[in-house]
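Scroll down for the structure; my scribbles are underneath it.
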Amino acid sequence: MAAFNLTPSDPSTFILKGIPGLEAAHLWISIPFCMFFFIGLLGNFMVLFVVWKEQTLHKPMYLLLCMLALTDIGMSTSVMPNALCIFWFNLKGITVGGCFTQMFFLHAVSVMKSAILVTMAFDRYVAICNPLRYTTILTNARIAKLGLVGLTRAVLCILPLPLLLRKLPFCANRIIPHTYCEHIAVAKISCGDITVNRMYGLVMAFVVIGLDLTLIALSYGLVIRAVLRISSKKAHQKALNTCTAHICVILTSYASYLFSNLTHRFGQGIASNLHIILANLYFLIPPMLNPIIYGIKTKELCDKVGKYIYRM
């Protein structure tokens with residue numbers, strides 16, 4: 001309970017304010033946040049459990065789904081427990097080291113998730129454009145190696161963020177108007193020059209996300225070209241149905257990420273409390289929807305999940 005005695009000038013801590021202007025409504029806001037959080041955890045752990053238990057699902061596509069589920073769990077658990085402690089118990093203090101660790105983890109997991117979505121787009125491209133070579137091109141071992149490459153890229157891209165922040169001076173004002181330690185939100189309370197922090201964060205966001213979206217667009221451009229060459233309408237529909245779930249996940253993930261990232265830097269006309277709510281929803285809505293989308297759109301997974309639910 002030491003958090004109640006913290007002062008904004010305590011050099012060893014930051015104070016997370018929560019949602020400024022809506023402190024009186026924190027308890028009510030926590031209800032949907034908590035519900036989304038636990039639905040997301042339940043859905044993603046169910047995906048992991050079913051794929052682990054069923055030998056028939058030990059395939060590249062489902063291995064990628066497990067990677068996606070792990071990143072979704074990592075994203076929501078890096079933010080929500082801390083936010084709920086603020087809403088429920090007014091525990092607003094966080095150590096400087098803890099703040100930088102949270103910031104590194106949540107940003108690294110976001111970049112890792114983007115890499116997984118690119119790999120999933122490549123998986124759909126191979127499945128539709130080179131179906132006869134699918135099993136030789138995309139093996140479980142190769143998917144694991146691609147996942148390791150994505151993890152390495154995420155660490156190398158995000159590691160400079162906390163290192164740059166450590167060089168900044170933090171004066172009397174150590175109150176972060178947010179529910180978690182977002183990079184720019186922390187940099188803004190510094191009394192030093194944050195130009196390098198702003199530029200690096202912006203360049204990384206555009207380079208990483210821009211490159212990944214370009215690769216995804218290229219993959220689906222080739223998929224569409226291959227589908228248009230198929231004469232059968234039934235084959236058209238079957239081919240496109242295999243991509244529907246992935247496209248829905250891409251839309252929910254990138255749309256919320258880009259909106260949150262850009263409004264934090266350029267959205268001066270947007271109320272801060274609205275922006276913070278939307279930023280938190282980025283860590284809640286995609287992790288909650290992704291297992292539902294794949295559960296509905298992937299018949300094999302849906303059948304296996306249904307079997308386990310029936311048993312319980």
Is there a donor-acceptor pair under 3.5 Å between the side chain of [X] and the backbone N or O of [Y]?
{"X": "N44", "Y": "P287", "result": "yes"}
{"X": "H178", "Y": "G18", "result": "no"}
{"X": "N280", "Y": "I276", "result": "yes"}
{"X": "S114", "Y": "V111", "result": "no"}
{"X": "T119", "Y": "A115", "result": "yes"}
{"X": "N173", "Y": "I175", "result": "yes"}
{"X": "E54", "Y": "L57", "result": "no"}
{"X": "Q102", "Y": "F100", "result": "no"}
{"X": "S253", "Y": "I250", "result": "no"}

Rounded distance (nearest 0.5 Å) linking atom [atom1] of [X] with atom [atom2] of [Y]:
{"X": "L91", "Y": "L84", "atom1": "CG", "atom2": "CG", "answer": "11.5 Å"}
{"X": "K59", "Y": "L65", "atom1": "NZ", "atom2": "CG", "answer": "12.0 Å"}
{"X": "N82", "Y": "L16", "atom1": "CG", "atom2": "CG", "answer": "5.5 Å"}
{"X": "L148", "Y": "I143", "atom1": "CG", "atom2": "CD1", "answer": "13.0 Å"}
{"X": "I128", "Y": "Y125", "atom1": "CD1", "atom2": "OH", "answer": "11.0 Å"}
{"X": "F36", "Y": "I31", "atom1": "CZ", "atom2": "CD1", "answer": "11.5 Å"}

Worksheet entry | Residue list, salt bridge (charged side-chain N to carboxylate O under 4.0 Å, His left out) with R142, at least two apart or on another chain | none

Indicate yes or no: at least one non-hydrogen side-chain atom of [X] is less than 4.5 angstrom from one of [Y].
{"X": "K304", "Y": "T56", "answer": "yes"}
{"X": "L301", "Y": "V50", "answer": "yes"}
{"X": "P81", "Y": "F37", "answer": "yes"}
{"X": "L202", "Y": "R198", "answer": "no"}
{"X": "L106", "Y": "V109", "answer": "no"}
{"X": "I19", "Y": "F87", "answer": "yes"}
{"X": "K92", "Y": "N90", "answer": "yes"}

Item to complete: Given side chain to side chain contact (heavy atoms under 4.5 Å, CB included), test Y180 with I86 step by step and report yes or no.
Response: CA-CA 10 Å; Y180 60 89; I86 295 171; over 6 Å; no

If hydrophobic clusters are built from ILVMFWY residues whose side chains come within less than 4.5 Å, do [X] and [Y] share one?
{"X": "L163", "Y": "L165", "result": "yes"}
{"X": "M46", "Y": "I296", "result": "no"}
{"X": "I277", "Y": "L27", "result": "yes"}
{"X": "M35", "Y": "L42", "result": "no"}
{"X": "F49", "Y": "Y294", "result": "yes"}

Locate the shortest heavy-atom distance separating [X] from [Y]; write the atom from each residue and the value.
{"X": "H183", "Y": "H107", "result": "N-NE2, 3.4 Å"}
{"X": "P291", "Y": "V47", "result": "CB-CG2, 3.9 Å"}
{"X": "A83", "Y": "T179", "result": "CB-CB, 4.1 Å"}
{"X": "R174", "Y": "T13", "result": "NE-O, 2.9 Å"}
{"X": "I189", "Y": "P177", "result": "CG2-CD, 4.4 Å"}
{"X": "L151", "Y": "M112", "result": "N-SD, 3.2 Å"}

Worksheet item: Among pairs that include at least one residue of residues 26-89, which meet disulfide (SG to SG under 2.5 Å), considering only residues two or more places apart or in two chains?
Response: none

Donor-acceptor pairs under 3.5 Å, side chain of residues 70-79 to any protein atom, not counting sequence neighbours: which ones?
from	atom 1	to	atom 2	distance (Å)
T71	OG1	M67	O	3.4
T71	OG1	L68	O	2.7
D72	OD1	K113	NZ	2.9
D72	OD2	N290	ND2	2.8
S76	OG	D72	O	3.1
S76	OG	I73	O	3.2
T77	OG1	I73	O	2.6
T77	OG1	G74	O	3.4
S78	OG	G74	O	3.2
S78	OG	M75	O	2.7

Table please: side-chain donor-acceptor pairs of residues 213-227 below 3.5 Å, with sequence neighbours left out.
from	atom 1	to	atom 2	distance (Å)
T214	OG1	G210	O	2.7
S219	OG	L215	O	3.0
Y220	OH	H246	ND1	2.6

Discussion item. Do E300 and Y62 pair up side chain to side chain, a donor and an acceptor below 3.5 Å, judged on atom types alone?
Written reply: yes

Discussion item. Does M61 form a side chain to side chain contact (heavy atoms under 4.5 Å, CB included) with M120? I'd like the steps, not just the answer.
Written reply: CA-CA 7 Å; M61 176 183 173; M120 294 175 86; over 6 Å; no

Worksheet item: Looking at residues at least two apart in the chain, or sitting in another chain, which of them share a disulfide bond (SG atoms under 2.5 Å apart) with C99?
Response: C181

Worksheet item: Is it true that K307 and D303 make a salt bridge, defined as a side-chain N closer than 4.0 Å to a carboxylate O?
Response: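 Salt bridge absent between K307 and D303.
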
Could you list the donor-acceptor pairs under 3.5 angstrom formed by side chains in residues 155-162, with sequence neighbours left out?
none

Worksheet entry | CA sep, side-chain torsions, deciding dist, call: V96, F170, side chain to side chain contact (heavy atoms under 4.5 Å, CB included) | CA-CA 10 Å; V96 173; F170 291 94; over 6 Å; no

